[in-house]
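A short worksheet on the structure shown next.
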Amino acid sequence: MECRIDFLEKTPEKENTTTVYTDEEARLHAEEVGASPRPMETKHEIDDRGAFIRQPNAFIQPFGDKEGDLKAEAGRYTIYWAKGCNWSNRPVIARDLLGLQDVVADELVGGSGETNVYGWGFPDAPDHKDPITGAYFLSEFYKRANPEFKGRATTPTLADTIEKKAVNNDYHRLTNYLEVQFRPFQPEDAPDLYPKKFRREIDELNDWLFPHINNGHYRMAFCQSLEAYEEAFEDFYDSMDKLEERLATNRFLFGDFITDSDIRFFVTLVRWDISYFHNIGPVKHRIVDYKNIWGYARELYSLPAFKKNTYMHDLALGRDDKDKKLFADWRTRIAPQIDFEKLWAPDDSRRALSKTPDEWFLRHPKGETYEEYASEISKSIWNSPNQADRNPKNGTLSEDASINPLKGRI
């Protein structure tokens with residue numbers, strides 16, 4: 001899934017030794033490889049009410065053990081992701097938590113040219129080419145996998161970098177494949193982020209988090225009517241209120257241990273106050289205004305897998321030239337001066353909510369086999385080709401989101 005806003009990302013900590021990536025260069029590369037202009041969300045993914053209904057994922061072939069399923073393999077796959085994109089941030093956090101850094105590679109993408117006409121490219125790489133495959137655009141992997149593909153090439157994309165083609169961009173289930181089908185490649189004591197006996201409850205919450213939280217910002221940022229904006233606005237903040245209540249008595253979303261769902265909630269929280277806010281107009285509350293959510297987010301950020309894959313200053317990077325503009329924006333004037341490490345330091349107060357405060361993760365039983373842990377990963381309604389199925393109103397829970405259905409069980 002792609003997060004187009006703020007695609008021009010730089011890394012202040014590293015000197016950029018590449019040349020400026022111009023639209024003309026991007027056009028020449030596109031002619032060379034046959035890349036098409038990127039379809040616009042605001043033209044192609046808006047319903048008759050002016051609401052943003054995100055396109056389904058194009059490559060949803062699952063990893064699994066049945067004939068025709070994708071097979072987990074070390075050294076074959078690369079996660080292509082973007083710093084600003086909450087969807088693509090998730091699998092690299094999960095991969096690092098699971099100890100799969102030497103099994104599944106990752107590569108950052110950014111805007112192609114000055115105006116990103118051709119979608120995700122490699123602006124910070126030498127010659128503006130993917131250092132792994134030599135591709136100029138992420139869409140090349142899509143066309144190689146399906147020459148008839150017409151949609152947006154999105155992040156995250158899991159590509160087979162041996163065959164140089166996209167194999168899976170299903171952000172709804174990609175982390176689950178890493179957790180389950182890549183279990184044989186994980187250290188024996190790797191955390192269990194997706195316990196087998198609780199997968200139904202985790203899937204249900206994840207498929208609720210998508211429309212109400214993770215896509216909430218984009219529903220506000222891309223919609224074309226006041227009706228759709230107000231609906232998305234109220235939906236997001238109502239959902240935040242429920243999760244604030246839930247976290248008053250639960251250290252993490254399902255209790256004492258971090259699960260896949262916590263990764264999904266975190267990646268939206270960490271972007272809200274420093275990046276997302278400026279795309280949606282006046283905010284009702286900042287993340288720091290939610291006592292429980294703010295403490296929860298800071299605690300997660302203290303873990304290396306979350307911290308190293310969250311580029312705070314990049315997310316907050318402004319666009320204005322403050323030496324030439326009288327009213328340069330806050331992100332240009334102030335954000336670069338913020339000590340995010342100090343601001344996001346946890347205070348350890350949430351440890352008291354856990355029976356095992358020093359253990360953040362559920363662990364696999366000793367001697368557990370892959371066959372005992374594996375299961376077929378469920379499908380998500382959000383990949384339905386029918387736009388009506390992808391209406392945010394279809395994101396429901398069997399219990400109110402303020403209630404942890406696994407309280408005391410995980």
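This chain uses plain numbering: 1 for the first residue, then up along the sequence. Bear in mind that the values here come from a model prediction, so they are computed numbers and not experimental data.
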State whether [X] and [Y] are salt-bridged, where the test is any N-O pair (Lys NZ or Arg NE/NH1/NH2 against Asp/Glu carboxylate O) under 4.0 Å.
{"X": "R183", "Y": "E179", "answer": "no"}
{"X": "K143", "Y": "E148", "answer": "no"}
{"X": "D358", "Y": "R351", "answer": "yes"}
{"X": "K307", "Y": "E341", "answer": "yes"}
{"X": "E41", "Y": "R38", "answer": "yes"}
{"X": "K165", "Y": "E140", "answer": "no"}

Would you check if there is a donor-acceptor pair between the side chains of [Y] and [X] at a distance under 3.5 Å?
{"X": "T42", "Y": "Q224", "answer": "no"}
{"X": "T157", "Y": "N169", "answer": "no"}
{"X": "E25", "Y": "H128", "answer": "yes"}
{"X": "Y194", "Y": "D203", "answer": "yes"}
{"X": "T356", "Y": "D256", "answer": "no"}
{"X": "D192", "Y": "Y373", "answer": "yes"}
{"X": "N383", "Y": "S380", "answer": "no"}
{"X": "H217", "Y": "N279", "answer": "yes"}

Heavy-atom side-chain proximity of R409 to L406 below 4.5 angstrom: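 Counting from C-beta outward, R409 and L406 do come under 4.5 Å.
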Would you say the side chain of D262 lies within less than 4.5 Å of the side chain of F254, judging by non-hydrogen atoms?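 Sidechains of D262 and F254: no contact.
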Cation-pi check, K83 to Y311: give yes when NZ or CZ is under 6.0 Å from the six-membered ring centre and within 45° of the ring axis, no otherwise.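 Yes, a cation-pi geometry holds between K83 and Y311.
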Can you list everything that forms a side-chain contact (heavy atoms from CB on, under 4.5 Å) with [X]? Sequence neighbours excluded, please.
{"X": "I53", "answer": "D47, Q387, R390, P392"}
{"X": "R333", "answer": "A328, W330"}
{"X": "D400", "answer": "K242, S402, I403"}
{"X": "A228", "answer": "A51, C223, S225"}

Return yes if some donor-acceptor pair links the side-chain N/O of [X] with the main-chain N/O of [Y] below 3.5 Å, else return no.
{"X": "T369", "Y": "E372", "result": "yes"}
{"X": "S354", "Y": "R251", "result": "no"}
{"X": "N89", "Y": "N309", "result": "yes"}
{"X": "E376", "Y": "G64", "result": "no"}
{"X": "R219", "Y": "F52", "result": "no"}
{"X": "R331", "Y": "S275", "result": "no"}
{"X": "D273", "Y": "I287", "result": "yes"}
{"X": "T78", "Y": "A159", "result": "no"}
{"X": "Q61", "Y": "V167", "result": "no"}
{"X": "R76", "Y": "T161", "result": "no"}

Verify whether the ring centers belonging to [X] and [Y] lie closer than 6.0 Å.
{"X": "F182", "Y": "F63", "value": "yes"}
{"X": "F236", "Y": "H212", "value": "no"}
{"X": "F266", "Y": "Y296", "value": "no"}
{"X": "F306", "Y": "Y301", "value": "no"}
{"X": "Y218", "Y": "Y276", "value": "yes"}

Not counting sequence neighbours, which residues clear side chain to side chain donor-acceptor pair (under 3.5 Å) with [X]? List them please.
{"X": "R264", "answer": "T175, D260"}
{"X": "D106", "answer": "W81, R95"}
{"X": "K393", "answer": "none"}
{"X": "S239", "answer": "none"}

Let me see the working for F122 and F137 under ring pair (Phe, Tyr, Trp, His ring centres under 6.0 Å), right down to the final yes or no. CA-CA 7 Å; F122 302 91; F137 306 103; 8.5 Å; no
Measure the spacing between [atom1] of [X] and [atom2] of [Y] and express it to the nearest 0.5 Å.
{"X": "Q55", "Y": "K150", "atom1": "CD", "atom2": "NZ", "answer": "14.0 Å"}
{"X": "I202", "Y": "K196", "atom1": "CD1", "atom2": "NZ", "answer": "13.5 Å"}
{"X": "N391", "Y": "I381", "atom1": "CG", "atom2": "CD1", "answer": "9.5 Å"}
{"X": "E245", "Y": "L243", "atom1": "CD", "atom2": "CG", "answer": "10.0 Å"}
{"X": "I258", "Y": "W360", "atom1": "CD1", "atom2": "CH2", "answer": "6.0 Å"}
{"X": "D160", "Y": "R144", "atom1": "CG", "atom2": "CZ", "answer": "10.5 Å"}

Ring pair (Phe, Tyr, Trp, His ring centres under 6.0 Å) with [X]: which residues, sequence neighbours excluded?
{"X": "Y370", "value": "none"}
{"X": "H285", "value": "Y290"}
{"X": "F257", "value": "none"}

Please state whether the rings of F149 and F59 are parallel, tilted or perpendicular, taking 30° and 60° as the class boundaries.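 Rings of F149 and F59: tilted, 30 to 60°.
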Tell me every residue that passes salt bridge (charged side-chain N to carboxylate O under 4.0 Å, His left out) with D289, counting only those two or more places apart in sequence or in another chain.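 Residues passing salt bridge (charged side-chain N to carboxylate O under 4.0 Å, His left out) with D289: R286.
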Kindly check if the number of other-residue, nucleotide or ligand heavy atoms within 6.0 Å of NZ (K284) is above 12?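 More than 12 heavy atoms, drawn from other residues, nucleotides or ligands, come within 6.0 Å of this atom.
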Verify the neighbour count for atom CG of D102: are there more than 12 heavy atoms of other residues, nucleotides or ligands below 6.0 Å?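 Open.
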Of the options L174, N215, N57, T268, which is the one that meets W87 in a side-chain contact (heavy atoms from CB on, under 4.5 Å)?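 By the side-chain contact (heavy atoms from CB on, under 4.5 Å) criterion, W87 pairs with just one of L174, N215, N57, T268: N215.
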